[in-house]
Number of protein chains: 2
Amino acid sequence: MADKTAGATTRDEILKVALDLFTDKGFEGTSIRDIADALGMTKSSLYYHFVNKDDIVASLMKDRESEVDELLEWTEQHAELNGLLRAAALHWLDGTTPERIKAMRLAQSNQPVIRRMTEGARSDPFERVFDLLLGPNASIADQLHARVVFNAVNAVLLASRGVDGSLEDILAVARRIVVELTP
Amino acid sequence: MADKTAGATTRDEILKVALDLFTDKGFEGTSIRDIADALGMTKSSLYYHFVNKDDIVASLMKDRESEVDELLEWTEQHAELNGLLRAAALHWLDGTTPERIKAMRLAQSNQPVIRRMTEGARSDPFERVFDLLLGPNASIADQLHARVVFNAVNAVLLASRGVDGSLEDILAVARRIVVELTP
DNA sequence: GTCTATATAGAGATAGAC
DNA sequence: GTCTATCTCTATATAGAC
């Protein structure tokens, strides 16, 4: 796409640094100045690349949208499968990259901000996936259970404070959980 | 303790309102003014009851400390039990009150703030519990898995965005998850 | 215990030169 | 594309009267 010659493009560098800071200190605990300092540039320069602070985190989230669309498509194509919940959850798991993990951490660290920014947005494609997985008559308990299955990676991330698991460790445990929860 | 005559004490009223706002809009997304307005008083009045904004959220968390201490004690007393992980997780589950759930939501909504406020504090008693549950030679995977088991309620809460489950629904699903994960 | 008034600092954001 | 300088607003927090 872009004419990437030597290092990374400035915009990508900004996103990279912002992702780390937002995840660690929180969106509102991170000032534009913090990001600029970490990059060795001034606040003003950031506004050349992004119209405002929200725009930075919006860009971070936009990068992941297509993945959920792909999941929805996959689920539609396999709607008749037996054991669809487990299969879909494992399919989602198999697509988990380090980038997605970072985005998950970002979202977990900034729930109120993400909620604010996504309310009024397009309807969550994840909801469509659950409709397909569960059918129209699922109990509340089954709805909750299915969501936990699908959020296995999130659950491991949430629980992993204090343990320094590698990406492989996290995915392996998430996979084990998915299997144990879907007999 | 306090001479509670008519309504709740003002301090408790403040904590109640602050808990809701911090959970919904986030700690830094909620101003002292927001809290004061919701209570029909002025910002200054809040500073009579709490030395600063951090103090409010610190009080909120302090209220839960004894519960973890109790869990640690229970685990020490049952250290020789077979199936200790499941038993301890279910014991923890059985002590889950609406107040604890709210505290969990607060913590999940404000991870960076909580981290900042608890770093350098006393060592997490939860860590001691996991030491007892796992022993010294547990693999990273087993450590992660045990933490997920214990965080079943958190996992359900995290996954339950978009589903309006009652307290009973949430606890029932969490219990089911604990059982399924601990054969 | 609650108020009015105010101090102070830091945030996000813009203008305009280079 | 990055800078300096600056604007403006809002936040936390305090002083002191009642």
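A:Thr75 is not listed as a side-chain neighbour of A:Trp92, based on a closest heavy-atom distance of 4.5 Å or more. Contact annotation: the side chain of A:Leu132 approaches that of A:Leu72 to within less than 4.5 Å [non-hydrogen atoms, C-beta and beyond].
To the nearest angstrom, P of D:dT4 lies 11 Å from CZ of A:Arg33. Rounded to whole angstrom, the span from the CG atom of B:Asn52 across to the C1' atom of D:dT14 amounts to 13 Å. One atom, CG of A:Asp55, and another, P of C:dG12, lie 14 Å apart when rounded to the nearest Å. At whole-Å resolution of the value, CE in A:Met41 and C1' in D:dT2 are 7 Å apart. Between A:Tyr48 atom OH and C:dA15 atom P the separation is 16 Å, expressed in whole Å. Going from atom NZ of B:Lys53 over to atom P of D:dT10 covers 15 Å, rounded to whole Å. At whole-Å resolution of the value, CG in B:Asp37 and P in C:dC3 are 11 Å apart. If you take CZ of B:Phe50 and P of C:dT2, they are 12 Å apart, rounded to a whole angstrom.
For B:Lys43, taking side-chain heavy atoms from C-beta onward, the closest of the listed nucleotides D:dT6, D:dT2, D:dT12 is D:dT12.
In this model, a side-chain donor or acceptor of A:Ser44 finds a partner on the base of C:dT14 within 3.5 Å. Put simply, the side chain of A:Thr42 and the base of D:dT4 share no donor and acceptor less than 3.5 Å apart.
The phosphate of D:dC3 has OP1 or OP2 within less than 4.0 Å of a side-chain N or O from A:Ser45.
When the nearest nucleotides of DNA chain C are assigned to A:Asp34 and A:Val51 by heavy-atom distance, the more 5′-ward of the two goes with A:Asp34.
A:Leu158 and B:Phe130 fall into different hydrophobic clusters, where Ile, Leu, Val, Met, Phe, Trp and Tyr residues are linked whenever their side-chain heavy atoms come under 4.5 Å apart, directly or through other members.
Taken to the nearest 0.5 Å, the NZ atom of A:Lys43 stands 7.0 Å off from the CZ atom of A:Arg33.
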